[in-house]
Amino acid sequence: MDAGKHQLFTDRLVQNQQRVYRYLVSLVPNRADAEELFQQTSLTLWEAWERYDPALDFFPWACGIAHHHVLNFRRKRQNAQVQLHDDALAVLADRSCERQAREDHRLGALADCMEQLTERNRAIIAGYYGGRSVQQLAEQQAASPNAIYKLLDRVRQMLHECVSRKLAEATA
Amino acid sequence: MNEELRELANRWIDGTADAADAERLSTLLRERPELRDEYLHYVDTHAVLCWKFRNESGAAQTARSCADTVTPGGSRRTSTWRLSWLAVGLAVVVGLVAWWRPWVSSTGDTIAAVLVAEQDATFADRHSAERNFPPGEYELTRGLVHLRFARGADMVIVAPARIEVRDQQHARLESGTVRVVVPPSATGFTVATREADFVDVGTEFGVRVDPRNGTSDLYVFAGRVNVADPQSGKVLSGVVEGESRRYAGGVGSNAPKLAASDFPSLESIGQKSLAVADRGNEQGERAHEPSAEPAEHLLIFAGQSNMEGKGTANTASRLTDAEKAVIPNVQGFYCNALPDKGQPDPWGLKLYGKDAKFWFNWATWSDKTFPAVGGSWQDFAYWRNDWTGAARYEHGPGGEFWYLGLNPGEPWSNAAKFTTGEDVKEFGPEFDVARTLAAARPNDRFYIVKYAPGGTALADQWDLDDTWKGWGAYTAMKQWVDLARASRPKAKVAGFFWLQGESDAINASHAAAYEKNLSKLVTKVRADFAAPNLPVIVAKIHPGHPDRNYGVVWGGGKSGIDRVRAAQAKLPEVAANTAVVETSDLTLLTQEWFQKKGSDRKKFNDGVLIDLMDPAKFWAPVHFDADGIRTIGKRMAAEWLKLHGKQTPPRPAGANRASRQFHFSSTGNDDADGATPSRAWRSLDKLRGIELVPGDEVVLAEGDRLPGRRREPRVVARQSAGLRGRIAQRGASNRQRRLASANF
């Protein structure tokens, strides 16, 4: 085993984790599914590390492996879940990989934007993304599940607008 | 941002999108490139949120998934996707030969639904005698019926009701009350009414239509239902769990108070019909001789293609008349719906499609297929004795589907001439197991249930941990067996016969995990069927042809096969009351046989066309021939007779056998399996049939009063900290064990 190459690989893997994850979520937005795919992809990357050529960009290579997992996943679930059409997914996958390859500061921007939310909205986001179900949140908030979905959609949109603004300011 | 796109994206993210949403979103992304970035930009905010909270709340989990535990050269976890394309080749050879799809009636009409259960049901149009429900209008004047639609949706209809069954995914309720449970395979199932269409998004809901004015009431028990305009199909609103809504005169409003109890559940009708069946049995038996009640054994057969039985071409013609005869004390559980000749595959299985998703399709065809068509007990006979015990599809020369299955009594050879012109009836080891046991125990009754999808690996498609949430082969098997058991409540699950492992052997990590997985399977089967001492009989996989070994040809090498065989051989050491059957002396099928059976075995796999019959690349003998399968059956039967007759289970040779626990509680349930506190039994009488061995634990709550206890149990050890006392059998001698058991 080439220790130097191994170290390089490890560094690049760690650097690119977040992108690979976001790439997967862009194609499979369900958190649990994306998590499963992320774990599978990480595993494959480790298993394939000797085939990685350090002269090449890491991320497009990782994208390819992640994409492969997404396709397998869709086949397994093809009758169990509604899915995007193959061709729509294909164009999305290409574009998503290009986009994620670029450096951005969305995570930092998001942290700032979270600060600006009201207490309740922040709690909803933290609850949902922290792993609670809509049903649980509904009980906790004494609201209907439908209202929780609506609220989530609205807060997500607010965050999105805020993040977009901050990213635009940063590049301006 | 485009508003429609944002709404679609939100539904997509929330998991509430339906098929129409997917269609629309696909169209937008395909036709309007400028929206792709907008969409990705928006979803990326969601992604970053996921990432942020993933790393804040689940730091430990994160570590597990990344670099900390899986290192190059270190131990690696098995993951399900890692079938190499060579392994896929095996899946085809092992799996495709027994492809089948029930779902077309013998009259040529498509069946939309089948009757699963009924209670005092009467239809206005004399339909009540029918099992099958082709599209059409039905009026239920009395009672309750439970229909199962062909994609798996269940519907309980309460009389009086008028309903049109449109197809496997659509019904129209003119008046009356229905309750619908929709599994993932039937997402999008729609109940139309005059006022609104109710489109499932993975859920359970009830609909009630007032016969006087058509007012529709909806109550959602779980998940979400989209309400669509009946004319335009446009989704008007979504109704979620616990909500009810009324639609009248084109306007939605809150419904008057509706409760779950307004809609009879599947369970209520199931229990009622079972209760009726039980009463019938008891009366029947009282009329005869109550003391001479025959023992009823339900035997489960499971595995992959060798358990289906691949090697029995021509066997039927070589059977003697005695062997062909119906066995009086054996019944098999068979699918209700027989496919018809020449019908297209109604499940949309694209076996010859250009992207050849075949090995993933095992999930499709093993999923809710059997429960969807329902099953029934019939005389056990060779001509019906296929891997599901029912009719089977094969592919005609042009890729069309034909059936090999038969109506009761129809000789197999009548239907089997489409490819080779010869009798290709196949059956697995259950044929000889049934014959042998029926002869050895003529006063007992045997019930045979088989579930064996070809090409499936224990470490993969059997999905013992149910990570595929209901789509794994194990879950499908359990559903099928449970369905069979429901109509034979007196039969005890009395044997589990397993012939499988070729697909694990051709993958090094699957092979390495086989020992662990096999013992997990045994534990799981015993827990799930509430039979802690269930005899389990495993036939070893064949070591492979010396010149053309399937492990060497398909992956995993010979060592993969050896590992699986070693794991199988070791089972009796790690699990009590199990036996292993040797197969290395048996012969495998020749390539000529397969070629004769149907030579077109070309498949696309990830865009590469492979010829499965290509001797240079793919062909390797893996299936037992007719004599081999029959010998395996006889050997398995002999082992069952030894295990089942045994008074004391064999002592484990290894000391590290996992101890069994039997939990009891005054709030427990004797229909549970007793394996955990939440599945505790109530009555100590449950211990009567169980031989306790050292290490077993009987867990009681301290101070709890249980029925069936004759005297205080001898408490050997007491857990001081908790509320529960623990009775452990520590003695090693038989005498001590008997003493301990006698206390209960």
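By convention in this document, chain letters (A, B, ...) are assigned in the order of the sequence lines, proteins followed by strands, and residues within each chain are numbered from 1. No hydrogens, no waters, no symmetry mates; every other heavy atom, side chains included, goes into these values.
If you tally non-hydrogen atom pairs under 4.5 Å between each of B:Glu31, B:Arg36, B:Arg224, B:Glu243 and chain A, the highest count goes to B:Arg36. For the options B:Val239, B:Val201, B:Leu40, B:Val240, heavy-atom pairs under 4.5 Å to chain A are most numerous at B:Leu40. No other option in B:Leu29, B:Val43, B:Val48 has as many heavy-atom pairs under 4.5 Å with chain A as B:Val48.
Ring-centre distance between B:His41 and A:His160: below the 6.0 Å cut-off.
Proximity to chain B involves both the backbone and the side chain of A:Ala126, based on heavy atoms less than 4.5 angstrom apart. Interface remark: B:Glu7 contributes no atoms to any contact with chain A (heavy atom separation under 4.5 Å). For A:Tyr128, the part lying near chain B is the side chain, with the backbone staying farther off; criterion is any non-hydrogen pair under 4.5 Å. Both the backbone and the side chain of A:Asp153 come within contact range of chain B, judged by heavy atoms closer than 4.5 Å. Interface residue B:Glu241: backbone and side-chain heavy atoms are both found under 4.5 Å from chain A. With a 4.5 Å cut-off on non-hydrogen atoms, B:Arg6 touches chain A through its side chain but not through its backbone.
B:Thr45 and A:Arg106 share a donor-acceptor pair across their side chains, judged by distance under 3.5 Å alone. B:Asp44 and A:Gln100 form a side-chain donor-acceptor contact under 3.5 Å, judged by distance and modelled atom types alone.
B:Asn10 places none of its side-chain heavy atoms less than 4.5 Å from the side chain of A:Tyr149. A heavy-atom distance below 4.5 Å is found between the side chains of B:Trp12 and A:Leu84. In this structure, A:Arg156 and B:Tyr42 have side chains that are in contact, with non-hydrogen atoms separated by less than 4.5 Å. Side chains of A:Met114 and B:Lys52 form a contact here, defined as non-hydrogen atoms less than 4.5 Å apart.
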